[in-house]
Structure formats: structure tokens, C-alpha cells
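Letters go in sequence order (proteins before strands), and every chain restarts at 1.
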2 protein chains.
Amino acid sequence: MKDAHPTGPRVTLPHPAAKLPGSNPCAACAVRDRAICAVLDDSELEQLSGLARPSDLDVGRTVFFEGDDADSLYVLIAGALKLYKLLPDGRRQITGFLFAGDFLGLAFNEEYQFTAEALMPSRLCRLPRTKIEGLLPEMPKLASRLLNLAFTELASAQTQMLLLGRKTAQERLASFLLHLADRLAGQGDPVSLIHLPMSRADIGDYLGLTVETVSRGVTKLKSAGLIALRDGNYIQIQDRPGLEGVAGDL
Amino acid sequence: MKDAHPTGPRVTLPHPAAKLPGSNPCAACAVRDRAICAVLDDSELEQLSGLARPSDLDVGRTVFFEGDDADSLYVLIAGALKLYKLLPDGRRQITGFLFAGDFLGLAFNEEYQFTAEALMPSRLCRLPRTKIEGLLPEMPKLASRLLNLAFTELASAQTQMLLLGRKTAQERLASFLLHLADRLAGQGDPVSLIHLPMSRADIGDYLGLTVETVSRGVTKLKSAGLIALRDGNYIQIQDRPGLEGVAGDL
DNA sequence: TGGCCGATTTGACATAGATCAATAGCGAAA
DNA sequence: TTTCGCTATTGATCTATGTCAAATCGGCCA
């Protein structure tokens, strides 16, 4: 058996009743200074907090389905989600993974354009969409934050198109691991131990590959000494420059 | 030689000097009520018009390159553009095509995330990015229009990911033609005669295929009686339900 | 601790689409 | 109108990845 790693990031959901009566529950939010809320001052946050409804979600449960009326926006407080679209015959494309602090519900018009499903026990903060839209004119900081989020998402969607349209299986896999490492690092130091809350099948559906190809690819990266598999679905990046070489984009 | 089609949409660029001195040049703009400007009232348009600089572009010329400082936003007044990203070894992914009325310059942060190149002689309206950003707080209608645009783009990027990750060559091609037909139709009646300002190579780079596969695919759709090729790079959709069947998404 | 069940890995083979290689078509210039 | 050069089409192979199938692993529950 392999070593357990030092700091296993178990998801510890803050207790629902942890909010002090009368105080602003958002103020104590775990993602207070990462999510969209980060750009708001205390009085603005106060306004939002009245609208927010937290909710917990078990593995495999969906937040909403593609085609549902898009009446809510969400902030992911803890856990991880996958977003996906389906073809009628069941082929699936995962368009993204969400982690704590991420925003959910962009890309709506009237209906959600994808299904959002929990990869692990997760907690969300739910906001009524129309109310938020109503607040935007009075909260230009919020509006511009949303616009920036949308731009960032768009840029990363375009990067993903390049990956899906033009990269080989190995390149896709290496790019994916590096991308994950960078996202999990946030603004801190680059991270080399990555947790994979998603299955090989999910990775395949994200990269436009089959489970088998993903598995073979992981094995090959491992044999090349670029990564190592750790207990509990962790991957350790052992040779970042090497992995970047395989990823192929500059 | 085959028939010329009835209404060959030659690009006729309005003469640059067509603006009356003293009047608002935007008021007479060809895309006045399609582009982002459509949500603005006359006084707001007046403010913008002072910032706008028109410019013409020949086939093959670029508006900007991936990595350039993103200091301008653009509205495409006439013509067509392709947007693409490159890998170091020259592999290319076209992330989108733009037509008259479309907005260009979303998906910026500090640098453009893709190169924009003219597919035909085109005219653009250029706006300084920082000035526009400064106006957003005072023009919530413009801000919300941009947000909506970004959402729409995002949704279509996700649809494209599904196409690139999970569809067969024939499905991609059929989807592409239907998508083009719908875009060119705008809000009017569905269109069945589609102009293709882009080469087969461009279509391939958009769909994640090679030129040869695109060409074979077109031939196959033609043999099946779903489409017909017309003079001057036009394609006529002859059996829309049939084509939708091939496209495969519901 | 042992047994089960789904997830992962590995292997053998099939194929959609890529690659390499000729033509054939078509538009611009002379 | 003819020619030239690029673009598109078609054909003959090749290969990366998909498909089918069989272990093997690993987590969870009794």
C-alpha cells in the first residue's frame, strides 16, 4: 500500500447553523474573498446576503439540467461540479469542472445550456437571477466583475476548442493536468499534487477521448516519469517542464 | 458555366465620406440596429460616435494578433472575419467566424486571445477599450448588452466543444452548415442559400478536420441530395430536415 | 477480514479520419 | 481567350484512437 499524503483535502462543509443570528451570513462565507462577492463592500454584501440560499448536494445529484429554466445563479462554496451537454444518443461532452469559489449560471439566456452535477458532496449558494439582474445597474462593480468572469470563461472555452480540435491524446492529457494544477493553485504558488475528484470517464468526456485512451495516456506519462499516482485519486506532477513539453502549447 | 445567382451579395462598402458633417455618423451606420449600438438611444449613441474610428481591411489582413495588447473593441460593419489560435507547430483552430453586425474584442483580458483576420474586404468600427469600459457604469444598458453577448458567445462555445469533442465528421459538417444558415438568417426567415466566404481549409480548421475530410463530406452531402453547390462558393440547403438528421443534435 | 462491485488498466483488433499523392476546377492577370 | 496558381476533389494507404473484452485494483460493507 502507498503512503497516505500529508494533507488530504477532505471536504469539510462548514456547519449550516454556523451563522450568527442577526449578522451577515456572507461575511463568514468560506469563499467570501474569492467568489464574485470579493468585489463587493460590506453594505453591498448585506443586500446580496438577504437573497442567498445555501444548499447541499450529494455526489451525483444535479444542480439543474440542460433546458431547465435559468432562474438561479450559484456560487460553489465547497466541493466540485462537472458541467456537461449530451447528444440524443448519449454521447457526452463535459464543458467544464467547477471548484470552490467558482461561479455557476453564466451562459444562460432563458434556459441553462448544460447540466451541472456534483462530483463530491458540495455546498452551493443560490441567488435568484432576476433579482441579481435588477441589482446590476446599481452595482456596476458587480456587473463588471460578471463581465470579466464571462470574458475569462470565454477565453478558456477557446483554449479548450484548440485542445479538442487540434491536439493529440497525450497533449490533451498533459494540458489538462497542468490546467488543473494552475487552477487549484489559485493565486498562490504553483501546485504539484493535484486531486482528481472526477473519474477517468469524466476526464475522457472533457477531453473528447475514451476512458481507455485516458488510462493509457496516464500510464504513459507515469512511465515517462512526468507524473506519479498517489493514493485517493491524487496525481503528483514530477516534471513540470517535461509535462509542458508534452502539452505542446508553447 | 453555371447560372449566376439572383442576388449576389457582393460586398458594397458604403463610401467613407458618406457622413454628413455635423450629424452623428453612427445614425446612418449599416449595422445601427443590429450591433451593440442597437440598445443605445440617440444621445448615448452620440457619445459613442465621437470615439468610433472606421477602418477598412483587405482579404488576408489581420485586425490584431493573438497576444497583442487588447486596447480596442470593434464592430464589424461589413465583410467577414475568422478568429483563430495557433499551436507553435502551426496547427490552427478557428474559434469563430464574424459577419456584419458582430462584435469583436470580447474575451480580452489584457491581451487578445486569438488572431482576427479578414475573409473578404471588410469594414470595422474601432472603439478604444478603456474609454468604453469607463462608460459602462453610466450606461447600464450597454453593460448588460455586453454581458448578454458574452453569455451568448459562451453558450455557442460550449456547443462547439460538444461538436469538436463528440461529433463525427459528417455531423460536424451538417451542424456547421445549419448553424451558418441560422446566423445569416438573423431574425428573419430561415435561409437556404448560404455564402461561404471561407475556404475548405478554414472550415476544416473550424471543425477540427482536414481539408480532404471536409471536401469528402461536402461531396457526400451533395450525393445524398441534402445540399447543392452553387456558383461563387454558395451552398444551397435542399433538405433541411435531412441535414438536421445528419447533424445529430436532436 | 473477506467478498463484491464498480472503476481502472491492459490487450487485441477495427476503423474514422489523417496523410500522401495526383488530378481537376476556377478565378485573376495578361 | 489563354495561362498560371491556388483551391478543391478524388484516390490509395496509414495510424491514432475507438471498440470489444478480459483481467486487476480498490473502496466499502457485512
Side-chain angles (χ1 to χ4, degrees), chain A residues 1-4 8 10 58-60 82 87 89-93 119-121 163-174 196-223 227-235 246 248, chain B residues 1-4 8 10 58-60 82 87 89-93 119-121 163-174 196-223 227-235 246 248:
Chain A
M1 191 180 91
K2 295 161 199 156
D3 285 3
R10 296 267 161 275
D58 267 344
V59 180
K82 62 183 172 193
L87 288 172
D89 63 3
R91 280 174 290 173
R92 187 175 66 150
Q93 179 66 37
L119 289 169
M120 38 164 63
L163 179 148
L164 291 170
R166 289 307 183 204
K167 285 188 174 181
T168 66
Q170 281 307 100
E171 289 171 333
R172 294 181 199 199
L173 203 44
L196 300 179
M198 69 292 286
S199 69
R200 297 288 188 268
D202 287 337
I203 297 175
D205 282 345
Y206 181 61
L207 300 177
L209 302 169
T210 58
V211 195
E212 294 92 330
T213 301
V214 170
S215 185
R216 281 185 245 271
V218 169
T219 303
K220 207 188 278 183
L221 292 178
K222 200 173 45 176
S223 312
I227 63 170
L229 271 68
R230 292 291 150 79
D231 238 38
N233 255 314
Y234 280 75
I235 283 190
V246 174
Chain B
M1 191 180 95
K2 296 163 200 156
D3 284 3
R10 296 269 161 274
D58 267 345
V59 179
K82 61 182 171 193
L87 288 173
D89 62 3
R91 280 174 289 173
R92 188 175 66 150
Q93 179 66 37
L119 289 169
M120 40 164 63
L163 179 150
L164 291 170
R166 290 307 183 202
K167 285 189 172 181
T168 66
Q170 282 305 101
E171 289 171 333
R172 294 180 199 199
L173 203 45
L196 300 179
M198 69 293 286
S199 69
R200 296 288 188 268
D202 287 337
I203 298 175
D205 282 345
Y206 181 60
L207 299 178
L209 302 169
T210 59
V211 195
E212 293 94 329
T213 301
V214 171
S215 186
R216 281 185 246 271
V218 169
T219 303
K220 207 187 276 184
L221 292 178
K222 200 172 47 175
S223 311
I227 63 170
L229 273 69
R230 292 291 149 79
D231 236 38
N233 255 315
Y234 280 75
I235 282 190
V246 174

>> Heavy atoms only, 4.0 Å cut-off, all strands: where does A:G208 land among base, sugar-phosphate and nothing?
In response: sugar-phosphate

Is there a side-chain polar atom (N or O) of [X] under 4.0 Å from OP1 or OP2 of [N]?
X: B:R216; N: D:dT9; value: no
X: A:T219; N: C:dT10; value: yes
X: B:T210; N: C:dA18; value: yes

For [X] and [Y], indicate whether the former's side chain and the latter's backbone hold a donor-acceptor pair under 3.5 Å.
X: A:R91; Y: B:R166; value: yes
X: B:R92; Y: B:Y206; value: no
X: A:R172; Y: A:K167; value: yes
X: A:R216; Y: A:V211; value: no

To the nearest angstrom, how far is [X] atom [atom1] from [N] atom [atom2]?
X: B:L207; N: C:dA18; atom1: CG; atom2: P; value: 11 Å
X: A:N233; N: D:dC28; atom1: CG; atom2: P; value: 11 Å
X: B:R200; N: C:dA24; atom1: CZ; atom2: P; value: 19 Å
X: B:L196; N: D:dT9; atom1: CG; atom2: P; value: 10 Å
X: A:R230; N: D:dG26; atom1: CZ; atom2: P; value: 14 Å
X: A:L209; N: C:dA16; atom1: CG; atom2: P; value: 18 Å
X: A:L173; N: D:dA16; atom1: CG; atom2: P; value: 17 Å
X: B:R172; N: C:dA16; atom1: CZ; atom2: P; value: 14 Å

> How do B:A201 and A:T213 order along DNA chain D: which one's closest nucleotide is nearer the 5' end?
Replying inline: B:A201

> Got a second to check how far A:T213's OG1 is from A:L207's CG, nearest 0.5 Å?
Replying inline: 10.5 Å

> Where each residue is assigned the nucleotide of DNA chain C containing its nearest heavy atom, which of A:K222 and B:E212 is assigned the position nearer the 5′ end?
Replying inline: A:K222

>> Heavy-atom nearest nucleotide on DNA chain C for A:R166 versus A:V218: which residue maps closer to 5'?
In response: A:V218

>> Quick one, A:I203 with A:L173, criterion side-chain contact (heavy atoms from CB on, under 4.5 Å). Give me CA distance, side-chain angles, the key distance, then yes/no.
In response: CA-CA 9 Å; A:I203 297 175; A:L173 203 44; 4.2 Å; yes

>> Angle between the two end axes of the helix from C:dT1-D:dA30 to C:dA30-D:dT1, five base pairs per end, rounded to 10 degrees?
In response: 40°

> Looking at the side chain of A:S199, which of D:dC20, C:dT8, D:dT7 is the nearest nucleotide?
Replying inline: C:dT8

> A:Q93 and A:D205: which non-hydrogen atoms are nearest, and at how many Å?
Replying inline: NE2-O, 3.1 Å

